[in-house]
Structure formats: C-alpha cells, structure tokens
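See below for the structure under consideration.
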Amino acid sequence: MTVRTRFAPSPTGYLHIGGARTALFCWLFARHHKGTFVLRIEDTDEVRSTHESVDAILESMAWLGLDWDEGPSLTRHDEGWEEKGGHGPYFQMKRGEHYRKHLEQLLAEGKAYRCYCTPEELAAKREQASKEKKPVRYDGRCRDLTDAQRRVFEAEGRKPSVRFRMPQEGSTVVSDEVRGEVSFENNLRQDFVIAKGSGVPTYNFANVIDDHLMEITHVVRGDEHLNNTPEQIHIYQALGFALPKFAHLSMIMGPDGTKLSKRHGATSVLEYRDQGFLPEAMRNYLALLGWSNPESQQLFEAAELVAKFGLEGCQKNPATFDNQKLLWMNSEYVRKLSPETLVDRARPFLEKGRLGGVHRDALAKAVKLEQEKVTLLSELPGRLDFFFHDAVYDPKAMDKVLKVPGAGKVLEELAPALAAVELFAAKPLEDRIRRFCEEKGLKVGQVFHPIRVAVSGRTMGPGLFEMLEVLGKEKVLARLEAARKLI
RNA sequence: GGCGCGUUCGUCUAGCGGCCUAGGACGCUGCCCUCUCAAGGCAGAGAUCAGGGGUUCAAAUCCCCUACGCGCCA
C-alpha cells in the first residue's frame, strides 16, 4: 500500500508556523515512504476564505520546499488555479456533489436525520441546561420525527440541518500513531451536525468524505482534531469506508505558554522569509519542534531528514517556539553556502539595500569575509555597504579610535607606505603594516584599529588585511584621507 | 461545566524498570585563539525527572490521586 498524506489548510489567512509544521510532517512522512503528498484547500468558510490566502499558502509551501503531488497549481489564472492529480477537485467548494451524494446515502439508510431546530431554539436549550448545571448536549428532539411532524416543520419554512446518529452506548477507541489508544465514552457524545441548513457540509463530514475519496492512508494533523476523531470514525463506519491511520501532532506554543499567535511576533511563514531566514533552516528547525531522533541530532541535510523522519519520534507534549535556536540554525545554514550562492539567495535584500547594481563576483568577494558572522540574509546590505559606498562613520567608533592622540598621525604616515605597496593583497599588506608598527614603535592595536575605522567607519568587521585587499588601494587611500579630515 | 491530551535543565529534547552521580542541542558564564566582531576549542553553571501515594530487590521509566497547562464540545 502506498502512503498518501494530505495537508488541508483553510484559506482564511496566511500559513502560520503551526500549519507549516503540520504540512512539513505530512510531507516528510509521505516522502519518507515514497508516497504521495496531497494539498487540499478547505474553503467551505465562504465568508473568511480568500484567494489571496490560497496564494499565500501555496507560496509559503513552495518557499519551504514542500512540493505537493496533487492539488492546485502554484499560480493562479483568471479562472482560478489549475489542478493536478487524479482525485480532484482539490477545493472543497467544488466537491459539493460528493458530499451531497453521501449525505443522501446516510439519510436514506437512517444513519443521519434532518433536524429542524433553529439556532435560536438550540441556543435557548443550551442556556437552560447550563443554568441547571446539566451537560449541554443536543437533546435528540428530531431524532425520531414522524413524517407528519416533519411536514409541519417544513410548512413553517424551517431549513433543516442534517445530524449524524451517534451510538448512545459503548466507547470509541481512536488508535493514534503518536498517542496510542485513546478511548471516548459514546454516551457523552451527541448527534452532531454534518450539514448545515444551507447545505454546506461541516468540517467533520467533508473531511471524512475527502480523505476517503482521495485515498488518504495517514491523516496527520494537529492535536486540536483528536477530539473530533470519534465522530469521524463513526462516519467512516456508517459509510463502509476503511479507516485511515491517524496521527495527532502536538501544538506549538508561544514563549508564554499559550498557543502561538500574532501577539508573539511573527507567525506567518512569509514573514520569516522576509526577515531573512533560509527555508532550509526553517524546515530543519520546524522538524525539531515536536520530533527528534534518538541521537538528538540537530542539523539535517534535506535528504537526511526525509530518511530519518518517522512518527515514532513525534512528541506528545506541546513545544514552545524558540526564536533564538532558529536564529542559530539559520546562521549554520548561511555558513554552509558558497559565497556566490549566498549572494544569490540574498538578492532581494541586496536590492532593497543599495547593492542591487553591484556585480555578483565583487559582492561574493566581500561576502566571503563576513559570511561566518551572518545570521539573517537581511544583514548583508548593512555589513557590506562600506565596500561599495562611502563609509558612514559611527560616532562612537570615531571617539574611541580616531579622536585619540596619535591616530591622525598614524593615518597620515601610513598612507604613503600603503600607496607604495605594489601588490595590494592581504599578505603583503599585513607585512607592510606590521613593519610600520615596528618602525614607529607602536603596538599593533594602535595602528590596526584606526585603519579599520578609517576605512569602514566601524570598529567591527572583517579581518583587516583581507578587508583592505577587497576594498583596493584607491578606496583605502581615499578613506584614510577622508577620515583624517574628520578628526 | 463535561471529555480528551500533556507535564525531564530557561527552551527543544534523549530516556521506554537496573547502563542516570539524568545525556545532547540552543541560550548563558569563564578561559584559550585573536587586529575588532564572529567562528572554533576547552571548561562550567543549569532538571531533587510537576506534587503525593503505591507496585518492585530496584522507577524519570508501571499504576492511582492531586495540581497546573493546553485542546475539543457546549
């Protein structure tokens, strides 16, 4: 049996961290088993669903490298998205026919029935029960209506919803790949609505129909659905469908222990992209939120992650999102890139700075000197700007390093010495400058630091000689001069 | 309110009855390296395994209760 998993987001907003983690686990599981990964859009919430949300979700998934075998195409045309795969459509709003058909079947077999209670009536009953401290459940009023009663309700113009007839006794066991067997008492459950008065199917119903028709073998989803699973299981059974395997993933929390939300800062995947995170770092970090392997390995190559991932390593308890570790992981991934690749990957940020026009090779040379310090791609313009534009002198650096006795003299005397260096490269420059120190009887710090600030405007930066080499003789001499005038 | 799930260093986690004086990773502290900032190397602080009862020769690991957190239904 080939594995088929699915990620089924509601397009009511961007793809957030929690959703991305779920998608990643579904994807990893499918890829690990050489199975199929399906993307289904659950757009039955007509009010809140938007095309823009669909776009954002697709874009986020693509950015993270979570490719889907079946589902909508990445880009939208005037008429909507094209779809690929033999189990479509992949938008629930286009699947009404399937829901209707199975709804009819359940109704015909008496496994579901029409309920004529109005929302107002139900709300009143709920309130009543709540006052009397009784369990608030549907009372089954429409469970066994006669035809005559039904006609009366119809005549009143009531739009019936459809309820599923749940067993009243015994218990339902959910066999979960992550949590093991979880048991639920049936008499505590109620006949739940599977189609609203408008005819729109509810989540629990549409989900089951789609998962079955799409031949999903493993339903991997968030923890919040564990409690809905008994209801779903009964729908599967009522329709004679084979049960898929279930795996419920723990939730992701913010630093304060509550469910991760906007209050905690960035939660949208695309925000992380825009902050300068690398998708492979994000993916690696997300994989570690709620999953681990016995070796406690932290960094994984893409293929390695697929090879080692399994539901056994999934955590039952919720995980707190830790931005610091994500940051660390990103810097690890940045360091692994070749300077050229790093330049390419940072392109949007370089453009946004003022380095868009600089040649790739020139950028790569400069990048090479700073790469090991880079945490986010967005830092690059700030770190590299002085290589290609006039230095901006940091007042603190000026006070501390240049506006001190002797610094001006160092710059003045050093200029001709550097001008005389023929091969303007790190090694000869270092030799010359060290010799200069000896000649003048100065400590290296008394010379190195002023040069650094004069040339870059800052106290921190790349190795001095490499930096001078990349800048080139002309710029170096010009800046020594410029800095001297500022003192 | 009912039901369900969860609880190991600040955080992510290893652990599935003896190997645990509880291991790793991020972060933190100190030292080394060094022209700065990083990186790297070394060292260190940090968890009475939520609390309380059992079971057992032996429990972080099994059972029960309590507390707290989260989720679902309403």
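Note that the coordinates shown come from a computational prediction; the quantities given were computed from them, not determined experimentally. In what follows, every chain begins at residue 1, and chains take the letters A, B, ... in the order their sequences are listed.
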Geometric cation-pi criterion, Arg163(A) with Phe192(A): 6.0 Å, 45°:
no

Which listed nucleotide (G4(B), G27(B), G24(B)) is nearest to the side chain of Leu226(A)?
G4(B)

Candidate nucleotides C35(B), G6(B), C72(B), ranked by approach to the side chain of His449(A) - the nearest:
C35(B)

With a cut-off of less than 4.0 Å, is there a side-chain N or O of Asn228(A) near OP1 or OP2 of C72(B)?
no

Check the distance between C12(B)'s P and Asn293(A)'s CG and give it to me in whole angstrom.
17 Å

For C9(B), the nucleotide meeting Watson-Crick or G-U wobble distances (both under 3.5 Å) is none

Sticking with atom P, work out how far U56(B) lies from C72(B), rounded to a whole angstrom.
42 Å

Any donor-acceptor N/O pair under 3.5 Å between C37(B) base and Lys373(A) side chain
yes

Looking across every strand, which nucleic acid part, if any, lies under 4.0 Å from Ser331(A) by heavy atom: base, sugar-phosphate, or nothing?
nothing

So Gly461(A), base contact, sugar-phosphate only, or nothing? Heavy-atom distance under 4.0 Å.
base

Nucleotide C3(B), atom P - distance to CG of Asp223(A) in whole Å:
18 Å

Between Glu481(A) and Arg484(A), does a salt bridge (Lys or Arg N to Asp or Glu O under 4.0 Å) hold up when you go through it step by step?
CA-CA 5 Å; Glu481(A) 179 65 15; Arg484(A) 207 162 56 80; 3.3 Å; yes

Centre-to-centre under 6.0 Å for Trp291(A) and Phe309(A), is that the case here?
yes

Just checking His212(A) against Tyr236(A), ring centres under 6.0 Å apart?
no

Work out how far the C1' atom of G51(B) is from that of C68(B), and round it to whole angstrom.
10 Å

Using a heavy-atom cut-off of 4.0 Å across all strands, would you classify Leu464(A) as base, sugar-phosphate, or nothing?
base

Looking across every strand, which nucleic acid part, if any, lies under 4.0 Å from Arg434(A) by heavy atom: base, sugar-phosphate, or nothing?
sugar-phosphate

Any strand counts, and the cut-off is 3.5 Å on both contacts for Watson-Crick or G-U wobble. Which nucleotide pairs with C28(B)?
G44(B)

Tell me what Gly463(A) touches on the nucleic acid: a base, only sugar-phosphate, or nothing, going by heavy atoms under 4.0 Å.
base

Quick one: which of C5(B), G23(B), C37(B) gets closest to the side chain of Met460(A)?
C37(B)

Rounded to the nearest angstrom, tell me the gap between atom CZ in Arg189(A) and atom P in C3(B).
11 Å

Touch check for Asn317(A), heavy atoms < 4.0 angstrom, all strands: base, sugar-phosphate only, or nothing?
sugar-phosphate

Glu439(A), CD: over 12 other non-hydrogen atoms inside 6.0 angstrom
yes

Using Watson-Crick or G-U wobble geometry with both distances under 3.5 Å, which nucleotide pairs with C20(B)?
none

Atom CG of Leu414(A) and atom C1' of C35(B) are separated, to the nearest Å, by 13 Å

Is Asn323(A) near enough to C26(B) that one of its side-chain N or O atoms lies under 4.0 angstrom from OP1 or OP2?
no

Nucleotide nearest Trp328(A) when distance is taken to its side chain, options G27(B), G24(B), C73(B):
G27(B)

In the structure shown, which nucleotide is the Watson-Crick or G-U wobble counterpart of G2(B), with both distances under 3.5 Å?
C72(B)

base_contact_polar (G6(B) base, Ser250(A) side chain, donor-acceptor, <3.5 Å):
no

Honestly, is Arg21(A) close enough over Phe25(A), meaning NZ or CZ under 6.0 Å from the six-membered ring centre and within 45° of the axis?
yes

Please confirm whether His218(A) and Phe246(A) have ring centers closer than 6.0 angstrom.
no

I'd like the C1' distance from C62(B) over to G23(B), given in whole Å.
23 Å

Please classify the nucleic acid contact of Gln315(A) as base, sugar-phosphate, or nothing, using heavy-atom distances under 4.0 Å.
sugar-phosphate

With both distances under 3.5 Å as the test, what is the Watson-Crick or G-U wobble partner of U56(B)?
none

Taking the six-membered ring where the residue is Trp, are the ring centres of Phe465(A) and Phe448(A) under 6.0 Å apart?
yes

Spacing of the C1' atoms in G71(B) and C63(B) (rounded, Å):
26 Å

Quote, to the nearest angstrom, the P distance that separates G44(B) from U7(B).
31 Å

Could you tell me how far C37(B) sits from A43(B) if I compare only their C1' atoms? Round to whole Å.
23 Å

When the distance from CE of Met253(A) to P of C68(B) is rounded to whole Å, what number comes out?
16 Å

Between G6(B), C35(B), C70(B), which nucleotide gets closest to the side-chain atoms of Met251(A)?
C70(B)

I'd like to know if Arg452(A) reaches the base of C35(B) with its side chain such that a donor and an acceptor end up less than 3.5 angstrom apart.
yes

Between Thr320(A) and C12(B), is there a side-chain N or O to OP1/OP2 distance below 4.0 Å?
yes

Hunt down the Watson-Crick or G-U wobble partner of C33(B), both distances under 3.5 Å, from any strand shown, or write none.
none

Given the C1' atoms of C26(B) and C9(B), what is the spacing between them in whole Å?
12 Å

Over all atoms of both residues, closest heavy-atom pair of Arg143(A) and Tyr138(A):
N-OH, 4.4 Å

Applying the 3.5 Å cut-off to both distances, the Watson-Crick or G-U partner of A50(B) turns out to be U66(B)

Position toward the 5' end of RNA chain B (nearest nucleotide), Arg335(A) or Phe448(A):
Phe448(A)

With RNA chain B as reference, determine whether Asp322(A) or Glu224(A) sits nearer its 5' end, using the nearest nucleotide of each.
Asp322(A)

What's Glu372(A) touching, base or sugar-phosphate or nothing? Going by heavy atoms closer than 4.0 Å.
base

For Lys443(A) and U36(B), give me the distance from atom NZ to atom C1', rounded to whole Å.
16 Å

note: Phe184(A), atom CZ; C72(B), atom C1'; distance rounded to Å ~ 9 Å

Interatomic distance, Lys325(A) NZ vs C26(B) C1' [rounded to whole Å]
5 Å

Provide the distance between the two C1' atoms, one in C33(B) and one in A25(B), to the nearest whole Å.
24 Å

